[in-house]
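Notes for the one structure printed next.
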Amino acid sequence: MSFTRRSFLVGAGAGASMLVLTACTDTPPRPAPTPSPEPSNSVPKPKSVQRSNWSNDPFALGAVSFLPVGATSLHRDNLAHSVDDRVFFAGEALSDDPATVGGARSSGARAAGELADIAVEGERIAVIGAGAAGAECARRLSAQGLDVVVLEARDRTGGRIHSVNDGDGNYTELGAWRLGVDSDADVVAALDRLDVTSVSASGPDLIRDAVSDGEVLTPAPVADVPPTSPNAVGATAVATATIWAAEQAADSTLADALVASGAFDTAGAASQGELGGGPLLEQYLRSLATVTGAEASTASAWFVPPIAPEATRIVTGPFVSLIDDDLREIETFLSTVVVGVSYDDDGVRLRLGTGESLSVDRVVVTVPLGVLKAATIDFNPLLPFGHRAAINALSVGAIDVIKARFDAPFWSTDAVTWSLVGTNELITTWVNLAPLTGEAALIGIVGGDAAIALAGLSDKELAELVVSSLRPFAEAA
């Protein structure tokens with residue numbers, strides 16, 4: 001795929017249109033896999049393909065929150081304020097470290113502390129949501145001696161942590177699954193305490209051009225030496241654009257900042273090993289979308305999350321043990337949908353999807369931002385303007401993972417992370433589990449528009465897409 005200034009800007013506009021189309025129609029886009037010539041060494045059919053589907057999950061309606069142009073961290077702060085000391089909010093969207101399990105847990109701890117400061121002995125507290133934020137909040141409130149009940153709409157705990165038992169002693173994590181060794185140190189330590197397995201994701205990174213067969217293979221990190229980005233061209237371009245944007249009077253999208261700062265042209269003229277800078281920048285932006293859930297055409301250039309490389313660990317499960325440990329001995333009701341929250345000076349009344357109601361003294365709402373934006377919970381009276389403005393200003397990003405298992409590896413590389421450039425395939429980032437766990441399995445990661453498009457594929461179409469996107473790596477075997 002050629003990557004020109006014109007195609008970049010046109011693609012940015014098309015990305016925004018796809019988001020609008022998906023939000024306004026009942027049926028998501030259903031693209032066909034990109035046709036590829038059949039190589040002599042083809043990819044075998046996976047014996048199983050599992051996927052998350054957060055955009056279509058009615059209790060998530062998206063994977064993570066992000067700041068679009070016009071939104072700031074002050075909107076997160078506004079949403080975190082309690083309402084009349086009766087309704088409290090928590091979740092990754094209200095955190096200083098959004099889109100992370102650690103951020104969700106810290107927001108739950110904050111809400112619990114604020115509530116505990118004003119609650120009196122004997123009060124009954126409801127926590128809506130049994131995800132990372134809700135479980136941490138409930139645990140802390142219970143430890144303060146308050147009577148806590150947790151209401152979860154799903155038939156399972158965990159929220160956007162989703163551990164699926166494969167039936168052979170292995171787990172597939174279809175929600176949160178990657179942790180930074182340093183940034184998520186508290187979560188890693190908690191998982192270690194619970195004997196939840198995780199493995200270091202350290203290893204070579206392979207970036208391959210689907211058309212030219214050119215590639216860049218970045219060696220594994222050296223002990224005690226900070227890791228560097230395997231895609232130096234893309235990382236440099238985005239860093240240049242964000243520095244330029246920070247000096248401007250008005251915010252802009254990351255896509256616009258890349259062009260206006262000159263970073264786009266500089267990247268296009270650069271190269272890394274056998275690969276040109278244009279495709280490298282494109283792939284870097286797609287990789288960034290697997291973290292933020294946002295396209296460069298919608299994400300704020302002022303608030304691009306830190307992109308410094310960090311040693312990571314992959315949770316091999318069950319991650320949900322962390323949530324279940326927090327909820328031990330706490331009254332928790334599954335398959336219990338809250339559709340209304342009424343509050344006044346006397347307390348809070350929760351209306352359930354069954355038509356029943358529950359009266360409590362205070363409530364902590366930890367549902368995802370996508371649920372708040374969809375207004376599936378009716379607040380009476382209306383939330384204050386600052387809260388409603390924050391919900392409107394913040395955006396929800398799409399991220400999904402796909403796990404493809406094979407009878408045996410069809411690849412020979414020991415590279416841990418595979419990235420594909422020069423292609424229109426939806427899945428361009430894969431993690432090779434073979435050198436990490438010994439399992440003949442690959443995890444695909446998609447974000448932004450690609451994740452939204454992926455949500456419109458049938459299981460059969462997805463399996464075909466998996467095979468199609470992996471062919472260049474079979475050819476390299």
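For this chain, numbers begin at 1 and follow the sequence in order.
Nearest approach of L79 to F89, heavy atoms of both residues: O-CB, 3.4 Å.
Screening residues 49-59 for salt bridge (charged side-chain N to carboxylate O under 4.0 Å, His left out), with sequence neighbours left out, gives R51-D459, D57-R154. Among residues at least two apart or in separate chains, salt bridge (charged side-chain N to carboxylate O under 4.0 Å, His left out) pairs with a member in residues 428-443 are K403-E439, R405-E439. Pairs of residues two or more places apart, or lying in two chains, that qualify as side-chain hydrogen bond (donor to acceptor under 3.5 Å, both in side chains) and include a residue from residues 390-402 are S52-D400. Sorted by first and then second residue, the ring-ring contact (aromatic ring centres under 6.0 Å, His included) pairs with a member in residues 180-210 form an empty list; sequence neighbours excluded.
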Where do I161 and V101 land on the side chain to side chain contact (heavy atoms under 4.5 Å, CB included) test, with the steps shown first?
-> CA-CA 8 Å; I161 293 175; V101 173; 4.1 Å; yes
Please step through side chain to side chain contact (heavy atoms under 4.5 Å, CB included) for the pair N231 and I207, ending with a clear verdict.
-> CA-CA 8 Å; N231 188 337; I207 306 175; 4.1 Å; yes
Show every donor-acceptor pair shorter than 3.5 Å between a side-chain atom in residues 271-280 and any protein atom, with sequence neighbours excluded, or say none if there are none.
residue	atom	partner	partner atom	Å
Q272	OE1	A232	N	3.0
Q272	NE2	P230	O	2.7
E274	OE1	E215	N	2.8

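In this model, a donor atom of one side chain and an acceptor atom of the other lie less than 3.5 Å apart for T197 and T316. Between the side chains of T417 and D205, a donor-acceptor pair is found at a separation under 3.5 Å.
Between the side chain of K373 and the main chain of L394, a donor-acceptor pair closer than 3.5 Å is present. Proximity of a side-chain donor or acceptor of T266 to a complementary backbone N or O of G262 within less than 3.5 Å is detected.
Remark: R313 does not engage D184 in a salt bridge, criterion side-chain N to carboxylate O under 4.0 Å.
For NZ of K47, the number of neighbouring non-hydrogen atoms (other residues, nucleotides, ligands) closer than 6.0 Å is greater than 12.
Listed by chain and number, the residues in a salt bridge (Lys or Arg N to Asp or Glu O under 4.0 Å) with E136 are R105, R139, R140 (sequence neighbours excluded).
Summarising the geometry, atom CH2 belonging to W418 is positioned 6.5 Å from atom CZ belonging to F473; distances are rounded to the nearest 0.5 Å. For the atom pair L327 CG and E152 CD, the distance stands at 9.5 Å (nearest 0.5 Å).
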